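Small disclaimer: the values here were computed from a predicted structure and weren't measured.
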Amino acid sequence: MAETLPSRGLDAQGYIAREGSLARVPPAFRPVVAAARDGLTDLFAARLHSAYLYGSIPRGTARVGRSDLDLLVVLREEPTARDRAAAGALDGTLDSEFPQIDGGGTLLVGRARVLSDLETHDLGWFVACLCTPLLGEDLAEHLPRYRPDSLLARETNGDLALLLPRWRERVATADSEEARRSLVRFMSRRLVRTAFTLVMPRWNGWTSDLHEMAEAFGSYYPRRAEQLRAAAVLGYEPRDDRAVLSSYVDDLGPWLAREYARVHGVKAPRPD
């Protein structure tokens, strides 16, 4: 009997199917992944609970010289500033040694935070659905299954209004072409993903493809459709553009934050 493929990123029961696997890592990126695995093991040793890949590399869509290496590391205890500095140094080493990646970043969290009630529908969902196990025990075994509902929408991206003041500061202080290009990429991706999760319960599915996200959003908000399509393009092919950044923090971002709060409410507050 043929295997039934997930529809719109869902399994046969309507839960979000985990995306990505080590088997999908393109051959060009396998040496990078192996080096990251070894580096994390050496760096954190027994303090390491588990490590995960996420993003385009485990989804099999990474582009040589264009994609970054995204890692999530779970420590047995809460990470320290020294841990974050060490992880940042490893990111820099991997970026310099492997031209097939264009930068990278390692997120560090403690095991208790991932499994906390507060993070069940944010960080927990991220681990269970968007992360591919690389090292250690898979925490997805301790997490629920997730549907593309309003609760998930609120807890993943319902904090845009809190982010906008910080974004404006970053835009104001971005004093180089590379800094502005990086902000265009980051903000484009975040806004497209937020716009998608705004409509996710109605669309009833999951995708990590920015273009598909923009199209899903545009079917419900046609007046903003072209704006989101353009943002999806910039999420993959960013450029230094002050006008784009201004439009994000002065127009699209504030509108999206208001509409998100109206439809799904505001994300539960997190400790500083």
Check this for me, if you would: do [X] and [Y] make a salt bridge, where the nitrogen-to-carboxylate-oxygen distance has to be below 4.0 angstrom?
X	Y	answer
Arg63	Glu237	yes
Asp149	Arg147	no
Arg185	Asp102	no
Arg181	Glu178	yes
Arg229	Glu215	yes
Asp209	Arg59	no
Arg190	Asp159	yes

Shared hydrophobic cluster, [X] / [Y] (ILVMFWY, side-chain heavy atoms < 4.5 Å):
X	Y	value
Val244	Leu164	yes
Leu152	Tyr15	no
Val127	Val109	yes
Leu130	Leu191	yes
Leu151	Val263	no

Open item on the list: Using side chain to side chain contact (heavy atoms under 4.5 Å, CB included), reason through Val73 and Phe44 one step at a time and then give a plain yes or no.
Closed with: CA-CA 10 Å; Val73 173; Phe44 296 112; 4.3 Å; yes

What are the two closest heavy atoms between [X] and [Y], and how far apart are they?
X	Y	value
Gly235	Arg189	O-NE, 2.8 Å
Asp241	Val184	O-CG2, 4.1 Å
Phe196	Gly205	CZ-O, 3.7 Å
Met187	Val249	SD-CG1, 4.4 Å
Asp70	Gly55	OD2-CA, 4.1 Å
Pro271	Leu118	CD-CD2, 3.9 Å

Does the side chain of [Y] come within less than 4.5 Å of [X]'s, by heavy atoms?
X	Y	value
Tyr236	Arg66	no
His264	Ser150	yes
Val199	Tyr221	yes
Ile16	Trp125	yes
Glu155	Glu119	no
Val171	Arg180	no
Leu90	Thr106	no
Pro148	Pro201	no

Open item on the list: Which Ile, Leu, Val, Met, Phe, Trp or Tyr residues join Val233 in one cluster when any pair of side-chain heavy atoms under 4.5 Å counts as a link?
Closed with: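 Its cluster partners, ordered by chain and number, are none at all.
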
- [ ] Share the residues that join Val266 in a hydrophobic cluster, the rule being Ile, Leu, Val, Met, Phe, Trp or Tyr side chains under 4.5 Å apart at the heavy-atom level.
- [x]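 Members alongside Val266: none; it stands by itself.
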
- [ ] Could you tell me whether Asp117 atom CG has more than 12 heavy atoms of other residues or ligands within 6.0 Å of it?
- [x]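 No, because the 6.0 Å sphere around CG of Asp117 holds 12 heavy atoms or fewer from other groups.
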
Open item on the list: For Gln13, I'd like to know if atom CD has over 12 heavy atoms of other residues, nucleotides or ligands within 6.0 Å.
Closed with: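 It does: Gln13 CD has more than 12 such atoms within range.
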
Task: Worked check of side chain to side chain contact (heavy atoms under 4.5 Å, CB included) between Leu53 and Val25 - done: CA-CA 10 Å; Leu53 290 171; Val25 174; 4.3 Å; yes

Open item on the list: Tell me every residue that passes salt bridge (charged side-chain N to carboxylate O under 4.0 Å, His left out) with Arg242, counting only those two or more places apart in sequence or in another chain.
Closed with: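 With sequence neighbours excluded, Arg242 shows a salt bridge (charged side-chain N to carboxylate O under 4.0 Å, His left out) to no residue whatsoever.
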
Task: Sequence-distant partners of Phe126, ring pair (Phe, Tyr, Trp, His ring centres under 6.0 Å), two or more places apart - done: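 So Phe126 forms a ring pair (Phe, Tyr, Trp, His ring centres under 6.0 Å) with Tyr54.
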
So, taking the atom named [atom1] in [X] and the one named [atom2] in [Y], what distance separates them when rounded to the nearest 0.5 Å?
X	Y	atom1	atom2	value
Leu234	Leu210	CG	CG	10.5 Å
Asp68	Ile57	CG	CD1	7.0 Å
Ser246	Leu252	OG	CG	13.0 Å
Ser116	Arg111	OG	CZ	11.5 Å
Lys267	Leu162	NZ	CG	9.0 Å
Arg168	Tyr248	CZ	OH	15.0 Å

Open item on the list: Could you walk me through whether Trp167 and Leu183 satisfy the side chain to side chain contact (heavy atoms under 4.5 Å, CB included) test, starting with their C-alpha distance in whole Å, then the side-chain angles of each, then the deciding distance to 0.1 Å, before giving a yes or no?
Closed with: CA-CA 9 Å; Trp167 286 17; Leu183 278 181; over 6 Å; no

TODO: Without swapping roles, check the side chain of Ser182 against the backbone of Ala179 for a donor-acceptor pair under 3.5 Å.
DONE: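 Answer holds: no.
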
Task: Gln100 side-chain N/O to Ala28 backbone N/O, donor-acceptor pair under 3.5 Å - done: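 Confirmed, Gln100 side chain pairs with Ala28 backbone.
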
Open item on the list: My understanding is that only one of Leu123, Val74, Leu72, Leu107 makes a side-chain contact (heavy atoms from CB on, under 4.5 Å) with Cys131; could you say which?
Closed with: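 Result: among Leu123, Val74, Leu72, Leu107, Leu72 is the only option passing the side-chain contact (heavy atoms from CB on, under 4.5 Å) with Cys131.
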
Do [X] and [Y] pair up side chain to side chain, a donor and an acceptor below 3.5 Å, judged on atom types alone?
X	Y	value
Thr80	Asp83	yes
Thr156	Asp122	no
Ser50	Tyr52	yes

TODO: Apply the test side chain to side chain contact (heavy atoms under 4.5 Å, CB included) to residues Met213 and Trp203: give CA-CA distance (whole Å), side-chain angles for both, the deciding distance (0.1 Å), then the verdict.
DONE: CA-CA 10 Å; Met213 285 180 165; Trp203 194 70; over 6 Å; no

Task: Residues that Ala36 engages under side-chain contact (heavy atoms from CB on, under 4.5 Å), provided they are two or more places apart - done: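 Ala36 satisfies side-chain contact (heavy atoms from CB on, under 4.5 Å) with Leu69, Leu71, Leu94 only.
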
Task: Geometric cation-pi criterion Arg224 and Trp255, 6.0 Å radius, 45° cone - done: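 Verdict for Trp255: a cation-pi partner in Arg224.
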
Task: Verdict with reasoning, Tyr146 to Trp206, per ring-ring contact (aromatic ring centres under 6.0 Å, His included) - done: CA-CA 11 Å; Tyr146 298 88; Trp206 175 260; over 10 Å; no

For a quick test of your reading: what N or O donor-acceptor pairs under 3.5 Å do the side chains of residues 133-140 make, sequence neighbours left out?
| residue | atom | partner | partner atom | Å |
| --- | --- | --- | --- | --- |
| Glu137 | OE1 | His49 | NE2 | 3.1 |
| Glu137 | OE2 | His142 | NE2 | 2.5 |
| Asp138 | OD1 | Arg18 | NH2 | 3.1 |
| Asp138 | OD1 | Ala140 | N | 3.0 |
| Asp138 | OD2 | Arg18 | NH1 | 2.6 |

